[in-house]
Amino acid sequence: MADDIVAEVQKEAAAVRDKSKTMITRVTMQGFKSFNKRVSVPLLRGFNIFCGPNGVGKSNIVDAICFVLGRTSAKSMRADRLHELIFHGGEGRASAKLAAVTLYLDNTPQDGHAKPFEYDDTEISVTRKVNTKGVSIYKLNGRTTTRQRILELMSGARIQPDGHNIVMQGDIMQIIEMNPIERRGIIDDISGIADYNDKKAKAGKDLEVVDQKLREAEILITERYERFKRLENERNSAVRYQALQKEMLMLRASLAHKIVTTIEADMVKMDEELQKRQQQVGQADDAIEAVEGELEKREGDMRDMADKLIDMSKRMGEEQRVSELRSRMLVAKNTVDSKRHEIDAINSLVERLESFETRKTESSESYGGGVPRPVQAVLRQKLRGVYGTVADLIRVPEKYSIAIEVAAARHMYDVVVESDDVASYCIEYLKRERLGRATFIPLNKIKPGMLNDVSGMGKDGVHGVASTLIKYDTAVMRAIEFVFGRTIVVDSLDVAKAVGIGRQRMVTLDGDLAESSGAMTGGFYIRTHPKAVAQAASDDMERNRQRRRELEEEVRLVSQDVAELEKELKKYGAPETTKEAVDMEKVRVSSETELDELRSKRRQAYEKKVRVQTELNAVSIARAKADAEIANARVELSQYGPMEYVDDTVASLQKFVRKASDELQAIGLVNMRAIEEYELFKSQFDEYKVKYEKILEEKKAVIGMMEEIESRRMETFYRCLKIVSQHFAYIFTKMTGGQASLELEDAANLESGLLIRANPAGKRMINLDLMSGGEKSLTALAFIFAIQKFRAAPFYVLDEVDAALDKENSQKIAELIKALSRDEQFIMITHNDQTIKYGDRVYGITMDRGESKILGVELPKR
């Protein structure tokens, strides 16, 4: 709508620009005021002056022009009623029957522009007559027409009956006496924003109608909204209840199916384990049987040998020396055997320690050493989302190994997992299997540790935050920062004191700990970390190797003693019986050793059988329990029939079932009919809502249109004010040499008053109301000329605008009009001699017995 207004205004302006400018070629009057007889006054372009003494009817010329152009106010033409404009006689002259004025306007094209009026004639005539009853008749080119048609025709040529190009007597004083609001109305008028005001007012009325419709729609929707929301809530509860029932059925079926498949998979593993354990029990029995047989045979041989030795000792008469030598030799041999057994034990231990060295890189998979049993059990499961213990996930430089181990404290064997769901599953597993407790660090929930105060980080002896001194995979960074992110590694307790005990958690390189609370822990640190244990094992291995070398040396020396004793026994020439007894004694001692080994093997075999049998029993019990559980689970699963199952863990499915069950209980009783009722009511409510939204959009459109109209209105007004102010300043400077401007009382408020400020040369800038009478007239005239310059008219009519001016100012006004009239037509009523000198042609008016007469004179060019 606003764009339409702008388009109309622009179209009108363009149409006027494309037309030639018209002018008044002549005015004919008969019976109008003081002009009784028909009088025709020819007018030309330039400065036309009507002069004469006061009271001769000069101003009636202006009244005649206003009359024929369609003014309806008789008072503006100095009459109470229209019929008083008719010549009323005097000094023997009878009054006229009617008053008639004809205005002739030029209709020739100029400079390639179209004719001012859409008629073929080179001149058009507009006539207005009024009779004694006050009835007006309008004619166009001699044909009767309507006032509206005359106004439309004149408007196309920028001629208005009340236009600012016609300045009547008193108009100057009226501008002077206007208040600022009334003066701003002049700018409203000439800027052409009246159309905007009309459109804005119409839009305001439209807005009132839309607001009324909107209020009615709001009342209607509000009445139904409460019931709609109640039905919506009931419907949502019913829909959710149905969905939860379906979900519960599917979850229960999925849980039963998962239990069945899980137990079946476990039973397969149990059967394999049972078979394996049974084979191990059989192998243990075979081993026991073999050892028992061998042991029984060897013990029988030993009894026979003992009997023989007893018999031989009775027959022998051994000398004391031989006996002593033999005893010493036997003691020496026993010593050698004992040392060799110890060497064998040390060799076995060294081999185990060396094996430990080669296997220490595999310690994270074997889960031995100091790793808690529950943590081992979890890690053996090799679950997805389980990354390992903190100890497994970090690589520590040897320099910081003790500090890092102390900094981790109880968190060293915490298990890092992907999420709290994985942690929950692991905890459930430990509970179910009764394996103990473990701590888990879920990466999606854990909050990394952050230092509260970093002021001590740059001090000497401070190595940095513990988490920055170790290496790890960035995937587990949150867990590592949680364990080590709040601990600073320093050289010693002295450095910790310098940083400030109690400000941060600090650990020294040799394991002393200062907590952020101020508590301190220290002393000799016994290492428990697998890497520290590995070092201790290495030290043990070296000590045992040294001990083995010592034993080997002792065995060498004692063996030399045995050889010496055997040489000495040979000197005595021991009898065959003695030699046989010695040999049998050697066999007996050797057999005793073998018997000890066989008994040890038998004991180990029995222990292994007991252990395997215990494991077999446990698996058998678990298998029986699984048989009972799977039977129940299959019975439950059969209740649900064919269904698509959710693939998840048993623990997760149980959690979902509990959650769905709790939500069903929370919903409580539901109105299942609400689903159907809601859909029916919603369709009706949506119709109301659509209507309401349409009205709302209509309101937005109206408001937008009003805002756009106002924006266009302001733009047009301020543009007009700026141009008129520029013209005003220019004309005032030309007239007086001073400066002038037009301003709104509030520059941001279009409705505020218009202030006319001027400073005639040599004076300060003052408001129009504070000027002298002559200054006011000059300033008001400059304002009128600025208006006329902004809205150029085909002609300008001025009625005694110089009446209040002195000689000097009258000359300034005359010179200005003279300059403006080079391209324009000015018609001025005056009796000022200074003004008359500047006219291009002068029409003298006299009065003869109450009737005005005109005499025209063309003056020489100035």
Side-chain angles (χ1 to χ4, degrees), residues 24-43 48 50 52 54-105 123-151 153-154 159-163 165-171 795 797-800 827-829 843-856:
I24 302 173
T25 56
R26 53 189 168 131
V27 179
T28 300
M29 299 170 286
Q30 183 176 1
F32 184 80
K33 299 190 81 172
S34 61
F35 293 94
N36 181 26
K37 294 181 181 178
R38 187 176 184 276
V39 176
S40 181
V41 183
L43 296 171
N48 300 276
F50 288 83
N54 289 333
V56 297
K58 300 188 301 296
S59 295
N60 291 343
I61 299 294
V62 180
D63 293 338
I65 293 173
C66 293
F67 172 74
V68 74
L69 289 178
R71 278 199 185 181
T72 56
S73 171
K75 289 186 180 295
S76 66
M77 294 175 282
R78 297 171 300 151
D80 289 334
R81 293 178 179 82
L82 283 177
H83 71 270
E84 293 181 0
L85 297 174
I86 301 173
F87 179 73
H88 49 72
E91 297 185 18
R93 287 185 173 86
S95 60
K97 301 296 182 182
L98 55 83
V101 179
T102 300
L103 194 68
Y104 293 89
L105 298 170
E123 185 180 66
I124 67 166
S125 63
V126 178
T127 302
R128 183 181 181 185
K129 298 179 180 180
V130 62
N131 59 24
T132 55
K133 295 182 179 180
V135 178
S136 290
I137 297 174
Y138 291 90
K139 290 189 177 184
L140 180 60
N141 288 342
R143 295 182 180 180
T144 302
T145 186
T146 63
R147 176 177 179 272
Q148 184 61 36
R149 173 62 183 135
I150 296 298
L151 293 179
L153 182 68
M154 295 298 105
I159 301 173
Q160 302 290 338
D162 298 300
N165 62 320
I166 302 175
V167 183
M168 306 287 286
Q169 286 185 24
D171 283 356
F795 56 85
V797 181
L798 309 176
D799 187 5
E800 295 191 17
I827 301 169
M828 185 171 179
I829 311 298
Y843 300 89
I845 300 179
T846 61
M847 179 70 73
D848 181 18
R849 292 184 297 171
E851 183 177 350
S852 297
K853 294 185 179 180
I854 300 176
L855 176 64

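Computed from a predicted model, the values in this text were never measured in an experiment.
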Indicate the atoms forming the closest heavy-atom contact of [X] with [Y], along with that distance.
X	Y	answer
Asn131	Leu98	CA-CB, 4.2 Å
Val130	Ile86	O-CD1, 3.5 Å
Gln30	Asn36	CG-O, 3.6 Å
Met154	Leu69	SD-CD2, 4.0 Å
Ile166	Pro161	CD1-O, 4.2 Å
Ile854	Ile845	CG1-CG1, 4.1 Å

How many angstroms lie between atom [atom1] of [X] and atom [atom2] of [Y], to the nearest 0.5 angstrom?
X	Y	atom1	atom2	result
Arg71	Met168	CZ	CE	5.0 Å
Leu103	Ile24	CG	CD1	4.5 Å
Asn48	Phe795	CG	CZ	12.0 Å
Asp162	Thr72	CG	OG1	7.0 Å
Glu851	Thr846	CD	OG1	10.0 Å
Leu153	Leu140	CG	CG	5.5 Å

Where the side chain of [X] meets the backbone of [Y], is there a donor-acceptor pair that is under 3.5 Å apart?
X	Y	answer
Tyr843	Pro42	yes
Ser852	Val56	yes
Arg147	Gly70	yes
Thr102	Thr28	no
Asn141	Ser125	yes

With sequence neighbours excluded, residues passing ring pair (Phe, Tyr, Trp, His ring centres under 6.0 Å) with Phe35 =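 For Phe35, no residue satisfies ring pair (Phe, Tyr, Trp, His ring centres under 6.0 Å) once neighbours in sequence are set aside.
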Given side chains that start at C-beta, do those of Ile159 and Leu105 come closer than 4.5 Å, heavy atoms only?
->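 In contact.
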Test side-chain hydrogen bond (donor to acceptor under 3.5 Å, both in side chains) applied to Lys853 - qualifying residues, sequence neighbours left out |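 For Lys853 the side-chain hydrogen bond (donor to acceptor under 3.5 Å, both in side chains) partners, ignoring immediate neighbours, are Asp848.
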Does Ser136 have any side-chain hydrogen bond (donor to acceptor under 3.5 Å, both in side chains) partners at least two apart in sequence or in another chain, and if so, which?
->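 With sequence neighbours excluded, Ser136 shows a side-chain hydrogen bond (donor to acceptor under 3.5 Å, both in side chains) to Arg128, given in chain and number order.
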Name all pairs fulfilling the ring-ring contact (aromatic ring centres under 6.0 Å, His included) condition that reach into residues 69-88, sequence neighbours left out, sorted by first residue then second.
->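 Those involving residues 69-88 do not exist here.
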Aromatic plane relationship, Phe67 with Phe32 - under 30° parallel, 30 to 60° tilted, over 60° perpendicular |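 Because their plane-to-plane angle lies in the 30° to 60° range, the rings of Phe32 and Phe67 count as tilted.
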Test Leu43 against Arg26 for side-chain contact (heavy atoms from CB on, under 4.5 Å), laying out the working first.
-> CA-CA 5 Å; Leu43 296 171; Arg26 53 189 168 131; 5.9 Å; no
With sequence neighbours left out, what residues match Lys97 under side-chain contact (heavy atoms from CB on, under 4.5 Å)?
->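 side-chain contact (heavy atoms from CB on, under 4.5 Å) list for Lys97, sorted by chain: empty.
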Could you go through residues 57-66 and list every donor-acceptor pair under 3.5 Å that involves a side-chain atom there, pairing it with any protein atom two or more places apart or in another chain?
unit_1, atom_1, unit_2, atom_2, d
Lys58, NZ, Gly52, O, 3.0
Lys58, NZ, Pro53, O, 3.1
Ser59, OG, Gln169, NE2, 2.4
Ser59, OG, Asp799, OD1, 2.9
Ser59, OG, Asp799, OD2, 3.0
Asn60, OD1, Lys33, NZ, 3.3
Asn60, OD1, Arg78, NH2, 3.0
Asn60, ND2, Ser34, OG, 2.7
Asp63, OD2, Lys33, NZ, 2.7
Asp63, OD2, Arg78, NE, 3.0
Asp63, OD2, Arg78, NH2, 2.4

